[in-house]
Protein chains: 2
Amino acid sequence: MKLKDQNTESIILESARLIFMDKGLYGARMQDIANQAGINKALLHYYFRNKERLFDEVFGGALSKYFQKMDIISDESIPILERVLTYSERFVGFLSEYPQMSIFLIKEISSNQALFHIKVQGIKKNKKYSLLSLMSQGIETGEIPTLDPVIFLINLHSLCAYPFVAAPIFNAICQNSGIQWSDEKHQKLLYSIHEFIRFKLSKHPL
Amino acid sequence: MKLKDQNTESIILESARLIFMDKGLYGARMQDIANQAGINKALLHYYFRNKERLFDEVFGGALSKYFQKMDIISDESIPILERVLTYSERFVGFLSEYPQMSIFLIKEISSNQALFHIKVQGIKKNKKYSLLSLMSQGIETGEIPTLDPVIFLINLHSLCAYPFVAAPIFNAICQNSGIQWSDEKHQKLLYSIHEFIRFKLSKHPL
DNA sequence: ACTTTTGTTAACCATTTGGTTAAACCATGA
DNA sequence: TCATGGTTTAACCAAATGGTTAACAAAAGT
């Protein structure tokens, strides 16, 4: 019975992920999730006592998956510039795979900062470096030029994430101008982000 | 009676703006809006037949206010570089005034592209230039270097808007690192955006 | 004054929705 | 085989919520 148990639970989680990603905590209906999973609504409450617990599971899963993927930052065998370049690639790659992730996180964080804070604290405890601490260190040792790490982090995350967050807007704008979004555009976007990173982190002459 | 009428209506609209901005179309409760406006729930339906119509009003208002403010792009007496710099300033200024606007638009656009498309078409009809057409023109005349206008637009909007969209995330990150967000940081952010624009639109040697 | 129109409210209604219950199902071990 | 305990379901419930109604209040028109 363990097998079937495990299976149903993961089916529910994956279904919940789909629905929650799309509709958010309040937009999602338990019935939708049950339908998606092909089960009865009451079974959801059997496995996860209530909506919030189910959501917590999905939310926490998303967060830890993200931090896991982004942990390239901790690999001390790679120069900082390289690490940040890879970081941006993985970030974009992650969002290509889960395009709704950013907007999902933002939506839910903005309506429940407390939960987010707790979850992040829990996950980050194991991690040696954040992008911020890495940059501070790099500035100290002179490996990268002096700059405000917070501003750089915000700029970088903006360049990577916003195209996905605001995809509906950009699609509308492009559509309006008869422009097609293509793999080539996608590559160009990544290239422009790399260009930005190099511009900021390389020591270029005034 | 015209006076009182006008007054109540605008009170309702402003209240609805507040609530909708905060909770979104589905998160907002008619009762909340009524409370905020200090009136009976039925009165909402008297002025705006139903939730969607009320929302449309708020949504349309937000959009047209935005486009109005951003129309600096059409002032042909100013060099393109200057126009884009001002554009970014106004964009950030607008979002400082209405921090929830971006996330609000994204949320609602992503769940109702059609409405957005219609509204934008209506507003844009009067406008001569978009940022895109301006850039294309500048590239043709050689006023600015050759670059992909769409990528530039996405980069620029990302740098300006995402800090507001993802404010909860960045706050959490900063809080986590004991960093305070200040006016100085705000200025630095704007400066880094200008730096980006100059980097892209000035003819710099290889 | 009084009638009509506009503005406002309390009470109510139908539907949706998260959650519960009691019974049925089914694999397993005694 | 049948008792046991985890799994699943249909039916149900209470609260929330968008929307309606009918009656009342207040101006405006006559």
Side-chain angles (χ1 to χ4, degrees), chain A residues 1-62 104 107-108 110-112 114-115, chain B residues 1-62 104 107-108 110-112 114-115:
Chain A
M1 201 144 284
K2 273 283 160 68
L3 250 175
K4 199 160 196 182
D5 186 357
Q6 182 69 25
N7 198 22
T8 311
E9 188 167 326
S10 62
I11 288 173
I12 290 178
L13 273 175
E14 177 58 14
S15 306
R17 196 182 67 80
L18 278 174
I19 303 293
F20 278 137
M21 287 282 170
D22 195 32
K23 308 286 182 74
L25 170 56
Y26 296 112
R29 298 291 95 115
M30 292 300 266
Q31 188 60 59
D32 297 343
I33 296 172
N35 289 346
Q36 178 73 36
I39 56 161
N40 187 285
K41 190 170 57 114
L43 203 55
L44 290 181
H45 292 89
Y46 175 75
Y47 280 97
F48 304 89
R49 190 155 309 156
N50 53 41
K51 198 184 184 183
E52 284 194 12
R53 284 209 191 185
L54 177 54
F55 180 79
D56 267 22
E57 218 71 31
V58 172
F59 186 69
F104 167 77
K107 271 189 200 180
E108 303 311 329
S110 73
S111 70
N112 195 346
L115 177 64
Chain B
M1 200 141 285
K2 273 284 160 64
L3 250 175
K4 198 162 196 183
D5 185 358
Q6 182 69 26
N7 199 19
T8 312
E9 187 167 327
S10 62
I11 288 174
I12 291 178
L13 274 176
E14 178 58 15
S15 306
R17 196 182 67 78
L18 278 174
I19 303 293
F20 278 137
M21 287 283 171
D22 195 31
K23 308 286 183 74
L25 170 55
Y26 296 111
R29 299 289 96 115
M30 292 299 266
Q31 189 59 58
D32 296 344
I33 296 172
N35 290 133
Q36 178 73 35
I39 58 162
N40 187 285
K41 190 171 57 118
L43 204 55
L44 290 180
H45 292 89
Y46 176 74
Y47 280 97
F48 305 89
R49 191 155 308 157
N50 54 41
K51 198 183 184 184
E52 283 195 12
R53 284 210 191 185
L54 177 54
F55 180 79
D56 267 22
E57 218 73 29
V58 173
F59 187 70
F104 168 77
K107 270 188 199 181
E108 303 312 328
S110 73
S111 71
N112 194 348
L115 177 65

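Values below: all heavy atoms of this structure, side chains included; hydrogens, waters and symmetry mates excluded. Convention: sequence-line order gives letters A, B, ...; per-chain numbering from 1.
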Using a heavy-atom distance cut-off of less than 4.0 Å, which residues of residues 22-36 of chain A contact DNA chain D? none

Between residues 49-59 of chain B and DNA chain D, which residues have a heavy-atom gap below 4.0 Å? B:Asn50, B:Lys51

Measure [atom1]/[X] against [atom2]/[N] and give the value in whole Å, please.
| X | N | atom1 | atom2 | value |
| --- | --- | --- | --- | --- |
| B:His45 | C:dG7 | NE2 | P | 17 Å |
| A:Leu43 | C:dG19 | CG | C1' | 14 Å |
| B:Leu44 | C:dG7 | CG | C1' | 13 Å |
| B:Tyr46 | D:dT21 | OH | P | 15 Å |
| B:Ile19 | D:dG18 | CD1 | P | 12 Å |

For D:dT7, take OP1 and OP2 only and decide whether either is under 4.0 Å from a side-chain N or O of A:Thr8. no

Which residues pass the side chain to side chain donor-acceptor pair (under 3.5 Å) test with A:Glu52, sequence neighbours left out? none

Out of curiosity, [X] [atom1] to [Y] [atom2], how far, rounded to the nearest 0.5 Å?
| X | Y | atom1 | atom2 | value |
| --- | --- | --- | --- | --- |
| B:Ile11 | B:Asn7 | CD1 | CG | 4.0 Å |
| A:Leu13 | A:Phe48 | CG | CZ | 4.0 Å |
| B:Met21 | B:Ile19 | CE | CD1 | 11.5 Å |

Angle between terminal axes - the helix from C:dA1-D:dT30 to C:dA30-D:dT1, 5 pairs each end, rounded to 10°: 20°

Just distance, no hydrogens or angles: give the donor-acceptor pairs under 3.5 Å from side chains in residues 32-40 of chain B, sequence neighbours left out.
from    : atom 1 : to      : atom 2 : distance (Å)
B:Asn40 : OD1    : B:Ala42 : N      : 2.6

Partners of A:Lys51 by side-chain contact (heavy atoms from CB on, under 4.5 Å), sequence neighbours excluded? A:Phe20, A:Leu25, A:Arg29, A:Met30

Contacts of A:Arg53 that satisfy side-chain contact (heavy atoms from CB on, under 4.5 Å) - sequence neighbours left out: A:Arg49, A:Asn50

Strictly under 3.5 Å: I want the nitrogen or oxygen pairs between protein and nucleotides 10-12 of chain D, one per line.
from   : atom 1 : to      : atom 2 : distance (Å)
D:dA10 : OP2    : A:Asn40 : ND2    : 3.2
D:dA10 : N7     : A:Asn40 : ND2    : 3.3

Suppose the criterion is side chain to side chain donor-acceptor pair (under 3.5 Å): which pairs have a residue in residues 11-28 of chain A, not counting sequence neighbours? A:Glu14-A:Arg17

